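Accompanying notes for the structure given below.
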There are 2 protein chains.
Amino acid sequence: MLTKRQLIILKDIVRLYTESGQPVGSKTLLDQLPMHVSSATVRNEMVRLEDMGLIEKTHLSSGRVPSTKGYRYYLDHLVEPSGVDANDLALIETSFDQSYLQIDQIIAQSAKILSSLTSYTAISLGPELRDARLTGFRLVPLGDHQVMAILVTDNGAVENQIFSVPHELDSESLEKTIRIINDQLIGLPLTAVIQKLHSDIPQLLTHYMITPSGFLDIFGNVLKKAAKERFHVDGKMNLINPATIKNVDQLKSLYALIDQDADLAELIGVPDQAIEVRLGDELTNNLLHDFSLITATYEVGDHGKGMIALLGPTSMPYSRMIGLLDVFREELAKKITDYYTHRGEE
Amino acid sequence: MLTKRQLIILKDIVRLYTESGQPVGSKTLLDQLPMHVSSATVRNEMVRLEDMGLIEKTHLSSGRVPSTKGYRYYLDHLVEPSGVDANDLALIETSFDQSYLQIDQIIAQSAKILSSLTSYTAISLGPELRDARLTGFRLVPLGDHQVMAILVTDNGAVENQIFSVPHELDSESLEKTIRIINDQLIGLPLTAVIQKLHSDIPQLLTHYMITPSGFLDIFGNVLKKAAKERFHVDGKMNLINPATIKNVDQLKSLYALIDQDADLAELIGVPDQAIEVRLGDELTNNLLHDFSLITATYEVGDHGKGMIALLGPTSMPYSRMIGLLDVFREELAKKITDYYTHRGEE
DNA sequence: TTTTAGCACTTAATGCTTTTGAGTGCTAAC
DNA sequence: GTTAGCACTCAAAAGCATTAAGTGCTAAAA
């Protein structure tokens, strides 16, 4: 168990290290401590903290740096989320204050604000689409045998894709097909739609179309697009950071990772706390060894959970970051709830 | 006027410098020259080339590096586009060999192939939309007072945007409005459409709508989106290059530049040759001091001109790059012509 | 007149040693 | 348990000699 003084010292080492980026020595630490002790005393305490594996030296005679275990301890026991600066708060409020036509816009905007506020990389994901229900499917002819397929879900997501229509498909049977789809599938969760698409529907359609498969592919395609979790990432450039990036190749792989929605989804997983910090070693990907991921989830009534996260170096100022994310949790929940209720009213 | 030997020396300096990245000395140069001379002779020639400002030293006793003026001379008089490697050619052919639904896909793919082939940043722009004509405008109700506006042009571009519809607009007058728009504007070039939108149309519409302005805004908005030149950029990461990037800030500004279509448009301007190389100083932006931009334009029948470009360090292997771009000019012209004629046939 | 050999000179880069500064651990006294 | 004092360590900076690749210039050869 740590003594009170050791707690203070650990906390200050974390703080000073994130502020200066330099290993913290006993004398530097002296100025910060509330009690009156000598540097030798501090050194003795530091030896004990080092024995416990909470801090470490970069070389035999260097100052101390928090170890991963130290950060873990700090995050679990010591960190106090700081209140958010009035300026920042105002900036968040005004930046969010727009009228949004799609949830995606709110999500994208949130990532933008967060990354500009923190100078880290922000990742935002709207309320899960798993619970989304299909509210409509349209085909709009564009001329030249091209057709735009539009799919609408009840949480405001709209997907569209353009297709060339083969000659065999006459517009009449298309119309009928769409009517069947709308009759049979509207109101169902997307997951159920995907399922039915492979079981019931093909049989129903054979009455109207010779080869329904081609058309079902179109529908399935747009459906897959809509059901896919799409992350909004902002501030990618902030990953360029001498502390964490060793070489150009690493940076490239990192960008590849960030740009791949599937990889991101795996990385983020399913956080089980409202705000959760995962340090380099705790993340699956070893590219992220010197990074830290802070995820914050929020609930939007019965529309599911949303998520917003920060990716940055292990030595982030966690108290500020956590404070900020807390504001974002509230703000996003509010904004998105607003979005739903407004649409309900009209 | 340069002697034959001076031309050979200048050409070899350019070549060796792009190959090795190191300043070229008289002895190194000796091995490359076809004639038998001593290093002292080469040195004398180099002094003359330096007097003319074509090459320069990095320090008093260093080898020579082509100056901007030297590159200019090389590009204007000496460079010989090299034939394209059989492997590369095969790769280009197979990568392009897909069926495309939108011109944008061809353009995006071209940037992708070119950047992967060269390890530089590729910028691709489809045939100019200025000549594009409006072929259709649709409004599709999505429920919840939301409407998707879809605009189609005759060169395959499809724009869409989602809007909330105010209560005052009943669907009947919307229908009529769309009919008017389609009657009056289809077939006109987008530029003419934009013009008419502000002159004739408002008057026509007052018969059917009390406040047409709100609706015209929607239309104008989508129109603007479609009329905007959109660049496809690939291989952005390749801008990270120790030779050209001094610090992280420069890199960030550079990315900001590349991501801004308007800035890119200004940077690229209107090249007046089929293939044109512009060196750092000749580019408007001083961020690009150590870069070079190779633009290649191609004609797609009467659908206007397309452009594909490479952005890389000044010391690019120009003969290979120009050879490659020449292939892309042909290939793109062919692919896009194919695209139009296929759509015409069906 | 052009070319070449020879030589003195310059510079960046490399490797080596020294110095400095910030830090540590340990011991003995408080 | 705390502190002063001191020997010790190490990274970073500074200084210095050496080397390799290059130059310009001069005087002789072609």
Side-chain angles (χ1 to χ4, degrees), chain A residues 1-10 12-17 19-67 70 242-243 246, chain B residues 1-10 12-67 70 242-243 246 315:
Chain A
M1 194 50 207
L2 294 183
T3 67
K4 205 166 174 181
R5 192 166 65 192
Q6 286 168 341
L7 291 176
I8 295 175
I9 289 178
L10 176 57
D12 274 328
I13 289 177
V14 169
R15 188 171 54 79
L16 289 172
Y17 180 59
E19 278 172 16
S20 71
Q22 296 297 319
V24 184
S26 54
K27 278 182 197 155
T28 320
L29 210 40
L30 263 196
D31 307 340
Q32 309 292 324
L33 297 179
M35 66 284 260
H36 184 77
V37 287
S38 76
S39 66
T41 308
V42 176
R43 278 203 292 284
N44 288 333
E45 293 288 30
M46 296 212 293
V47 170
R48 271 165 239 145
L49 287 173
E50 191 172 11
D51 288 345
M52 288 182 261
L54 297 174
I55 56 179
E56 52 195 23
K57 291 185 276 198
T58 58
H59 60 86
L60 197 61
S61 72
S62 79
R64 301 308 208 292
V65 159
S67 67
K246 264 87 194 181
Chain B
M1 195 49 210
L2 294 183
T3 67
K4 204 166 175 182
R5 193 166 66 193
Q6 285 168 342
L7 291 177
I8 294 175
I9 289 177
L10 176 57
D12 274 328
I13 289 177
V14 169
R15 186 170 55 79
L16 288 172
Y17 180 58
T18 51
E19 279 172 16
S20 71
Q22 296 298 318
V24 183
S26 53
K27 279 180 196 153
T28 320
L29 209 42
L30 263 197
D31 307 339
Q32 310 291 325
L33 296 179
M35 66 284 261
H36 184 78
V37 286
S38 76
S39 67
T41 308
V42 176
R43 278 203 291 285
N44 288 333
E45 293 289 29
M46 297 212 293
V47 170
R48 272 166 236 145
L49 286 173
E50 191 173 11
D51 287 345
M52 289 182 260
L54 297 174
I55 58 180
E56 53 196 23
K57 289 185 278 198
T58 59
H59 59 85
L60 197 61
S61 73
S62 77
R64 302 309 208 292
V65 158
S67 68
K246 263 87 195 183
S315 61

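Keep in mind that the numbers below use all heavy atoms, side chains included, and drop hydrogens, waters and symmetry copies. The model shown is predicted, which means the values in this text are computed figures rather than measured ones.
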Atom pair distance, as rounded to whole Å: [atom1] in [X] and [atom2] in [N]:
X      : N       : atom1 : atom2 : result
I9(A)  : dT2(D)  : CD1   : C1'   : 13 Å
E56(B) : dG24(D) : CD    : P     : 14 Å
D31(A) : dA22(C) : CG    : P     : 13 Å
K27(A) : dG21(C) : NZ    : C1'   : 10 Å
I13(A) : dT24(C) : CD1   : C1'   : 13 Å
R64(A) : dT9(D)  : CZ    : C1'   : 13 Å
L16(A) : dG23(C) : CG    : P     : 11 Å
H59(A) : dC10(D) : NE2   : P     : 9 Å

Would you confirm whether [X], through its side chain, and [Y], through its main-chain N or O, come within 3.5 Å as a donor-acceptor pair?
X      : Y       : result
S67(B) : L54(B)  : yes
T28(A) : V24(A)  : no
Q6(A)  : T3(A)   : yes
T18(B) : S315(B) : no

Please determine if a side-chain N or O atom of [X] lies less than 4.0 Å away from the OP1 or OP2 oxygen of [N].
X      : N       : result
K57(A) : dG25(C) : yes
T58(B) : dG22(D) : no
S26(A) : dT24(C) : yes

Could you work out which one of dT24(C), dG24(D), dA11(D) sits closest to the side chain of E50(B)?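 So the side chain of E50(B) is nearest to dG24(D).
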Of all the nucleotides listed (dG25(C), dG24(D), dG23(C)), which has the minimum atom distance to the side chain of V47(B)?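 Looking only at heavy atoms from C-beta outward on V47(B), the closest nucleotide is dG24(D).
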Considering only heavy atoms from C-beta outward, does the side chain of I13(A) approach that of P66(A) to under 4.5 Å?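 They are in side-chain contact.
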Please tell me if the side chains of R48(B) and L2(B) come closer than 4.5 Å, counting only heavy atoms from C-beta onward.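 No, side chains not in contact.
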Reading nucleotides 2-9 of chain C 5' to 3', which nucleotides get B (base under 4.0 Å from a protein heavy atom), which S (sugar-phosphate only), which -? -SBBB---
Which of these passes side-chain contact (heavy atoms from CB on, under 4.5 Å) with R5(B): L33(B), T41(B), V42(B)?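 Testing R5(B) for a side-chain contact (heavy atoms from CB on, under 4.5 Å) against L33(B), T41(B), V42(B) leaves exactly one candidate, T41(B).
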